[in-house]
Each structure stands twice: as C-alpha cells, then as structure tokens.
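These figures come from a predicted structure and were not determined experimentally.
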Amino acid sequence: MNTATTQKAMALRALHVPGDPLVVPNVWDAASARTVESAGFPVIATGSAAIAPVLGYDDGEAAPAGEMLAAVARIARAVGVPVTADLERGYGMEPAELVERLAAAGAVGCNLEDSDPRTGTMVDAGEQAAFLAAVRAAASEAGTGLVINARVDTYLHGEGTPDERLAEAVRRGRRYLQAGADCVYPILASDPAAIRSLAEEIDGPINIAFHPGTPSLAELAGLGVARVSFGPGLHRAVQAYTARMVAAIKIGQSPYGPDLPAR
C-alpha cells in the first residue's frame with residue numbers, strides 16, 4: 001500500500017480525540033465533498049442514506065456495492081483530505097474484498113453497523129465482533145491502516161428501557177474496540193447523561209450523530225465525544241430547499257430568495 005494512503009489513515013485516526021471531536025458534515029457527491037473541504041474540514045465522510053437516493057436507490061444496502069464504491073471513488077478523487085465511507089454492513093462483501101475495494105476507491109476509513117440493513121434486526125454481538133476482527137486482520141495484512149468506525153444500533157433497533165439500551169451499547173462498544181475497531185458509533189444516542197456514560201464506560205473514542213435535539217458541538221466536546229457526524233441530514237435539508245424552489249417555480253414565482261444568488 002502506498003505511503004500517502006497510510007499517512008491519510010494515520011491522520012484520520014489521530015483526529016479522534018475525546019473532548020476535541022472530529023466534526024464531519026457527511027457528503028453525497030464530489031461537489032458536496034469539495035464544499036466541505038473548502039470550508040476547512042480535515043476529513044470527508046460519506047453517508048449511505050444520502051448517497052443511495054442520489055444513485056436512485058433506497059438506503060439499507062439496496063444500492064449495489066459497485067455503485068456505492070464508485071461514488072466513494074469519485075468523492076476521493078475530488079478532494080485531498082482523508083475520506084471515510086459509510087458501508088452499512090459491508091454489502092455482503094467478505095472482509096478481504098471489503099478492504100481491497102475500499103482501498104481501490106481511495107477511502108481510508110469506513111463505518112460498519114451491527115444491525116441487518118434490510119430487516120433492522122440486531123446482529124449478535126459476538127458475530128459482529130468476529131466480522132470487525134476479520135476486517136482489521138485483512139486491513140493489517142494489506143497494510144492499509146483502515147480506520148474502523150463500529151456503529152452500535154441499540155438506540156435504533158434495540159429493545160428494552162433506555163438504561164438497558166445504554167448498557168447494551170456499552171457492552172457492544174467495548175467488545176468492538178477489543179475486536180479492532182478504532183471508534184464506536186452509538187447512533188441516535190442524544191441524551192447528555194447517556195452520552196457521557198457511553199464516553200466514560202466504553203473507554204474509547206465515540207461518535208455521536210448530530211441532529212435536532214442533540215447537544216451542541218461544544219457540549220458534545222465537554223461530554224467526551226471524539227467524533228460528530230451528520231448522517232443524511234445535510235442532504236435532506238438540501239433536498240427540502242430544492243423542493244421549495246421548485247414549488248415556487250411551479251406557481252410562477254422566482255425561486256431565488258435574498259440568501260441565494262441567481263448565479
């Protein structure tokens with residue numbers, strides 16, 4: 001593996017600092033990636049729930065792996081900073097293939113989730129840990145330095161009380177770090193006390209998804225978060241804005257408001 005790739009992976013890993021989080025406004029194409037890079041963000045992160053509809057598919061691994069990875073490759077070619085890709089649960093690829101194709105696409109990190117994207121069923125924690133360990137082993141053999149962000153879906157698809165979901169997220173997060181993950185992503189965790197507990201009890205870098213109702217970026221830093229992502233939120237906001245513009249055109253009005261130039 002070339003030196004530039006491993007250096008980008010090292011840079012991405014080093015940016016996961018509890019209390020000084022890496023902030024990644026997730027992108028969906030080369031144009032949005034360039035916008036994020038131009039704003040000064042040090043990393044580009046893709047979001048499967050944003051890219052899939054751009055490609056004409058639903059989220060949940062409905063997009064073919066080849067099309068998703070081709071989209072990642074276009075993004076990686078368009079920017080100079082490290083790229084990390086949301087790969088859902090791997091699109092059915094074996095660990096060695098996943099690592100190889102990610103590297104070929106120019107990505108140095110990935111998200112991998114622990115629920116079945118098609119059914120929402122939680123995957124057994126041991127099975128997911130073994131999968132993550134196999135991905136880590138394949139990346140080590142290939143020398144890619146791949147940065148693994150292990151998504152924990154107990155707040156999305158888990159069962160039980162909030163305290164039970166928290167305890168399960170901690171159990172899974174610890175196990176995934178032991179298996180070789182670099183960061184743990186308990187998606188949809190938003191309660192400040194729960195986030196603090198996750199950061200303290202998992203005892204490793206955690207990623208929190210920012211959405212309405214989530215603590216502010218400064219508050220998340222204070223809670224010990226190491227990474228903040230936005231998932232499909234920005235893409236959905238852009239689509240909603242486009243819909244309002246189109247609706248204005250439909251009734252014969254100008255779509256351009258004072259905050260949007262005509263050129």
Side-chain angles (χ1 to χ4, degrees), residues 12 15 21-88 91 105-107 109-111 113 117 149 151 153 155-156 185 187-190 207-218 220 225 227-263:
L12 171 58
L15 287 167
L22 168 65
V23 178
V24 286
N26 298 75
V27 308
W28 52 95
D29 61 10
S32 58
R34 284 174 170 159
T35 297
V36 170
E37 182 184 38
S38 295
F41 290 92
V43 169
I44 297 299
T46 72
S48 70
I51 291 181
V54 170
L55 296 176
Y57 300 95
D58 292 329
D59 194 29
E61 294 195 351
E67 291 195 38
M68 182 61 69
L69 286 163
V72 171
R74 287 191 292 273
I75 289 167
R77 285 196 300 269
V79 297
V81 297
V83 172
T84 179
D86 180 0
L87 285 193
E88 304 200 52
Y91 296 86
C110 69
N111 286 7
E113 58 202 50
N149 192 27
R151 207 177 88 176
D153 288 359
Y155 286 93
L156 179 63
Y185 183 11
I187 193 169
L188 297 191
S190 59
N207 179 177
I208 294 297
F210 191 96
H211 53 78
T214 304
S216 69
L217 292 176
L220 290 173
V225 172
R227 175 168 166 172
V228 181
S229 53
F230 288 75
L234 298 182
H235 177 254
R236 288 172 179 170
V238 168
Q239 289 299 104
Y241 196 85
T242 302
R244 292 197 295 272
M245 294 178 71
V246 171
I249 295 170
K250 180 65 176 176
I251 61 175
Q253 296 180 354
S254 169
Y256 301 115
D259 59 336
L260 185 65
R263 297 182 183 178

Please name the pair of heavy atoms, one in Ala78 and one in Arg34, separated by the smallest distance, quoted to 0.1 Å. O-NE, 3.3 Å
Spacing of OG1 belonging to Thr84 relative to CG belonging to Leu12, to within rounding of 0.5 Å: 5.5 Å
For Asn26, the side-chain hydrogen bond (donor to acceptor under 3.5 Å, both in side chains) test, sequence neighbours excluded, returns none
Point-to-point distance, once rounded to the nearest 0.5 Å, from OG of Ser229 to NE2 of His211: 10.0 Å
Taking ring-ring contact (aromatic ring centres under 6.0 Å, His included) as the test, write out the residues that go with Tyr91, two or more places apart. none
Closest approach of Val24 and Ala45, non-hydrogen atoms and distance? CB-CB, 3.8 Å
Quick one, His235 and Ser32 - any side-chain contact, counting heavy atoms below 4.5 Å? no
To check you understand the geometry: which heavy-atom pair defines the closest contact between Leu55 and Arg74, and what is its length? CD2-NH2, 4.0 Å
Could you measure the distance from the CD1 atom of Ile208 to the CG atom of Leu220? Nearest 0.5 Å is fine. 7.0 Å
Grab the two heavy atoms, one from Pro255 and one from Ala248, that are nearest each other, plus how far apart they are. CA-CB, 4.1 Å
Side chains of Asp59 and Glu88, heavy atoms from C-beta outward: is any pair under 4.5 Å? yes
Is the closest side-chain heavy-atom distance between Trp28 and Leu234 below 4.5 Å? yes
Minimum heavy-atom distance between Pro42 and Leu22, given as atom pair plus value: CG-CD1, 4.0 Å
Using modelled atom types only, decide if a donor and an acceptor are shared between the side chain of Asp86 and the backbone of Gly47 within a distance under 3.5 Å. no
Where Gly106 and Ala76 come nearest, the two heavy atoms and their spacing: O-CB, 3.9 Å
Across all chains, not counting sequence neighbours, the side-chain hydrogen bond (donor to acceptor under 3.5 Å, both in side chains) partners of Ser216 are Glu219
Under the ring-ring contact (aromatic ring centres under 6.0 Å, His included) test, which residues partner Phe41, sequence neighbours left out? none
How long is the gap from CE on Met68 to OG on Ser48, to the nearest 0.5 Å? 5.5 Å
Side-chain donor/acceptor of Glu37 to backbone N/O of Ile44, under 3.5 Å: no
If we only count heavy atoms from C-beta on, is the Glu113 to Asp153 side-chain gap below 4.5 Å? yes
Residues which pass side-chain contact (heavy atoms from CB on, under 4.5 Å) with Thr242, listed by chain and number, not counting sequence neighbours: Val238, Val246
Glu67: partners by side-chain hydrogen bond (donor to acceptor under 3.5 Å, both in side chains), with sequence neighbours left out: Tyr57
Interatomic distance, Ile51 atom CD1 to Ile75 atom CD1 [nearest 0.5 angstrom]: 4.0 Å
